[in-house]
> 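I have a structure I would like to understand better, so I am pasting it below and will then ask my questions one at a time.
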Amino acid sequence: MRYERTFGDIPGYPEGSCFGTRLELSQAGLHRPMVAGISGSGRIGANSVVLAGGYEDTEDFGDEILYTGHGGRDPETGRQVAHQTLTRGNLALACNKLYGLPVRVIRGARQRSPYAPEAGYRYDGLYSVDEYWREVGKAGFYIWRFRLVKMAVSGPR
DNA sequence: TCCATGCGCGGCC
DNA sequence: GGCCGCGCAGTGG
C-alpha cells in the first residue's frame, strides 16, 4: 500500500461501486479504517469519509454535503456530550481545503437521505472541501462542519 | 495510547 | 417486523 497513492480514485473501483460491509470497503482500499468515518491525518489530509448516520448534524444534498467532524460523542449512546476539537480527522479535512485535495465519499444505508444506498455502502466519487467552520450542533455543543462539493468527473486520465 | 459514522444479538412494543 | 440498547471484536490513523 503506497501512501502517496491513497488520494483520489482507486483503480478497479469506479464511482458507484457497492460493498456490503466496512470490512469490504477496507480491503478495497477505498476507506481503510474499520470503524472511523474519516480516514487520514492532520499532516497529509483526509483520503476518504463515510456517511453512515453516525452524527445527527450531517446533512446530505447529493452534490453537496455538510459533513460533521468527529469527537465529543458518548461512546455508549452516540450522542454529542462535549465540544469537538479541530484535531485528528477534523484537522485532516481542514488540510484538504488548504491544499485542495479531493476526498472520496462513501454513503452507507444508515445515512438518512434519499442519496443513501438501500443496503451496505456505495462509493460516490470525489468531493472537494470547500470550506469549514465551527457551529453549535443540535445537541448544543460545538461541532466542526465541512462543506463537501462534488467534483466534476473529468474522464480517464 | 487512545479513539473511531461496526456489527450482531436479544428484548421490547 | 422494526426499533433500540448493550456488549464485543478488531483494525488503522
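The chains referred to below are lettered A, B, ... by the order of the sequence lines, with proteins before strands, and numbering in each begins at 1. Bear in mind that the values here come from a model prediction, so they are computed numbers and not experimental data.
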> With no hydrogens and no angle check, do the side chains of A:Thr68 and A:Asp57 hold a donor and an acceptor under 3.5 Å apart?
no
> Is any side-chain nitrogen or oxygen of A:His70 closer than 4.0 Å to OP1 or OP2 of B:dT5?
yes
> Say whether A:Trp133 and A:Glu135, considering side chains only, have a donor N or O and an acceptor N or O under 3.5 Å apart.
yes
> Between atom CG in A:Asp74 and atom C1' in B:dA4, what is the gap in whole Å?
14 Å
> With a non-hydrogen cut-off below 4.0 angstrom, is A:Gly108 in contact with a base, only sugar-phosphate, or nothing?
nothing
> Separation of A:Leu30 atom CG from C:dG12 atom P, in whole Å?
15 Å
> Do A:Thr68 and B:dT5 have a side chain to base donor-acceptor pair shorter than 3.5 Å?
no
> B:dC7, B:dC3, B:dA4: which one has an atom nearest the side-chain heavy atoms of A:Val35?
B:dA4
> Find the distance A:Leu51:CG to B:dA4:P and express it as a whole number of Å.
17 Å
> So which nucleotide does C:dG1 pair with, by the Watson-Crick or G-U wobble rule with both distances under 3.5 Å?
B:dC13
> Rounded to whole Å, how long is the line connecting atom CZ of A:Arg110 with atom P of B:dA4?
16 Å
> Closest-nucleotide mapping onto DNA chain C: is A:Arg88 or A:Arg79 further toward the 5' terminus? I mean the 5' end.
A:Arg79
> Measure from CG on A:Leu93 to P on B:dA4 and round the result to the nearest Å.
14 Å
> Determine the contact category for A:Gly69: base if any of its heavy atoms lies under 4.0 Å from a base atom, sugar-phosphate if only primed atoms, P, OP1 or OP2 are that close, otherwise nothing.
base
> Do any side-chain nitrogens or oxygens of A:Arg22 fall under 4.0 Å of OP1 or OP2 in B:dG6?
yes
> Rounded to the nearest angstrom, tell me the gap between atom CD in A:Gln27 and atom P in C:dG10.
14 Å
> Specify the separation, in whole Å, of atom CG of A:Leu23 and atom P of B:dA4.
21 Å
> Using only heavy-atom distances, determine whether the side chains of A:Arg22 and A:His31 contain a donor-acceptor pair under 3.5 Å.
yes
> Could you identify the nucleotide paired to C:dG12, looking across every strand shown and requiring Watson-Crick or G-U wobble geometry with both distances under 3.5 Å?
B:dC3
> CD of A:Glu24 versus P of C:dG10: gap in Å, rounded?
17 Å
> Do A:Asp60 and A:Tyr67 get their side chains close enough for a donor-acceptor pair, meaning under 3.5 Å?
no
> Nearest to the A:Met34 side chain among B:dC3, B:dG6, C:dT11, which nucleotide is it?
C:dT11
> Relative to the 5' end of DNA chain B, which residue comes earlier, A:Gly72 or A:Tyr121, by the nucleotide with the nearest heavy atom?
A:Gly72
> Do any N or O atoms from the side chain of A:Asn90 and from the backbone of A:His70 form a donor-acceptor pair under 3.5 angstrom?
yes
